Amino acid sequence: MLYETVPIADAQTKTARDRAEREAHKEAEKILTRLQAEADALKVGRTKATVGALLERWMAQHEIDPTTRMTYEAQIRIYIEPKLGDVPLVLFVREAAERLEPFYARLRKCRALCSGKSFVERHVEEGRHDCAVAGCKRHVCKPYAASSVRSIHAILSGACSAAVRWGWISFNPMPSVRPPSKPRPNPRPPSSEQMALIVEAAWAASAEWGLYVWLSAVLGARRGEVVALQWEDIDLGAGMVRLDENYVRTSDGMLLKDTKSHQMRRVSIDAPTVELLRQHREDCTARLALLGLTLSGRTWVFSATPDMCRPRDPASLTRRYGRLVAKLGIDTVLKELRHYSATELLTAGVDLRTVAGRLGHGDGTTTLRHYAAWVGSADRAAASTIGGRMPTLRPVDRS
Ligand SMILES: [Zn+2]
Ligand SMILES: [Zn+2]
């Protein structure tokens, strides 16, 4: 709301008071005309706002964690801005579904948004030449992941609902736009034979690397959670590991953030794992002693620096794991260690709630969504357990 106040001058006599009031009234009317013009300009300004302007304003005040911010900024820059940046909001509101659904569909076909016609992406040599002979790189369509398109949808939804709150637009068109459906999780954990080969090979490379792979599988923890372990998180006496931080890469460098569910959790470990950790602790203590340093609660469990004052880079661990399994001829990725943990436990008949607790899933539903196929085998194990506890029946005499 725009407003201004006009003071009425003090006066002694009635005529003087009347005059003062008349003058103030005149002045107020002048101001009113000016304010109305200002309000009109503001309204036009608002309706003239573009999707790009809205996103800029929304991102400036929207509170999100640094990793999500980095993803959003990249998606706005690469995909949304070129497509919708200049589109006036009034137009966008009217045609949101018509504009977005084909756009989403094209992204799902090709993240480069190509026309679908075959073309050469990069020529090996300049001037006239035969691309087939020269071996120029032809474009191959790569679909943009459904979850990434859903993230673009989330950005636009968030910005539009803010625009409604701010009075920029009268309604949010996004609920009527259909994003691609949620991708079905498809865990493909290594078999236990493959797991044995992987752990052995990692161990042969280095004890710390072997322990990292081992612990990832035993804890079923996320990559960032294992990387973020400090010695104060590990209770060798009680056989417990505390997972409460997640190490992630952001545009500002590396930083610790709470785990996804923002819950601290304790995960039990077995005696052999305790022993491996104890050995590693001794190795670390010896490593630090060479530099005249002592191991503290804040010392990282996994570190590449001699003074162990910096955790390992998560991305480089994923690459290292990729090289390791490639050498073994096993088709898997680091993330599958977590799936391995979950599926092995479920197959062994451990109940869903316990598995969900170890994985740090808020409740069993996420676990169920990911591992429905293995929950079935847990159920079969349960069936044979109860079957084994039933009394043996005497054969019924049917004669
Ligand atoms: Zn060429
Ligand atoms: Zn393409």
Side-chain angles (χ1 to χ4, degrees), residues 50-56 58-59 64 67-89 91-160 173-188 223 249-251 314-316 318-319 321-323 325-326 331-336 370:
T50 57
V51 175
L54 169 63
L55 287 171
E56 197 176 308
W58 180 67
M59 282 297 282
I64 29 172
T67 344
T68 314
R69 175 168 293 276
M70 204 165 68
T71 311
Y72 278 16
E73 280 169 354
Q75 289 188 310
I76 290 172
R77 194 181 63 245
I78 300 167
Y79 298 106
I80 307 180
E81 195 52 56
K83 171 83 184 167
L84 299 165
D86 296 332
V87 176
L89 271 177
L91 213 63
F92 177 73
V93 165
R94 252 185 282 149
E95 305 168 347
E98 274 170 83
R99 278 173 183 273
L100 290 177
E101 287 177 13
F103 177 52
Y104 291 168
R106 278 187 68 200
L107 277 171
R108 290 291 289 129
K109 279 213 188 84
C110 178
R111 58 190 309 161
L113 292 167
C114 75
S115 65
K117 279 190 213 123
S118 169
F119 69 97
V120 173
E121 213 163 61
R122 209 178 54 239
H123 290 282
V124 171
E125 48 191 86
E126 283 175 34
R128 281 174 69 98
H129 63 275
D130 187 341
C131 289
V133 175
C136 298
K137 192 173 170 253
R138 295 206 85 77
H139 169 74
V140 181
C141 291
K142 277 199 208 97
Y144 199 44
S147 56
S148 305
V149 178
R150 287 176 67 87
S151 159
I152 287 182
H153 185 75
I155 294 171
L156 289 167
S157 299
C160 282
M174 293 306 289
S176 64
V177 181
R178 248 177 111 159
S181 46
K182 242 185 192 169
R184 181 185 279 271
N186 184 24
R188 288 189 306 124
R223 180 183 70 178
R249 188 199 285 272
T250 72
S251 48
S316 78
T318 298
R319 288 195 296 272
Y321 189 79
R323 289 194 298 272
V325 295
D331 179 20
T332 184
V333 290
L334 185 65
K335 203 188 259 180
E336 298 290 351
H370 279 80

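Just so you know, these numbers come straight off a predicted model, no measurement behind them. Atoms within a ligand are numbered from 1 in the order they appear, just like the ligands themselves.
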Quiz item: With the Zn ion (ligand 2) at the center, what angle do SG from C141 and SG from C110 span, rounded to 10 degrees?
Solution: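 It comes to 110°.
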
Practice problem: If you have a sec, read the angle at the Zn ion (ligand 2) from H139 atom NE2 over to C114 atom SG, to 10 degrees. | Solution: 110°

Exercise. Examine the side chains of Y144 and Q75 and answer whether a donor and an acceptor come within less than 3.5 Å of each other.
Key: yes

Quiz item: Is the F119 ring parallel, tilted or perpendicular to the H139 ring (thresholds 30°, 60°)?
Solution: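 Aromatic pair F119/H139 classed parallel.
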
Quiz item: What's the spacing between L55 CG and C160 SG if we round to 0.5 Å?
Solution: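 Reported value, rounded in 0.5 Å steps: 8.0 Å.
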
Exercise. Using the Zn ion (ligand 1) as the apex, give the angle to atoms SG (C136) and SG (C131), rounded to 10 degrees.
Key: 110°

Quiz item: By atom name, which N, O or S atom belonging to H123 lies closest to the Zn ion (ligand 1)?
Solution: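 Nearest N/O/S atom: ND1.
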
Quiz prompt | CD (E56) with more than 12 external heavy atoms under 6.0 Å | solution = no

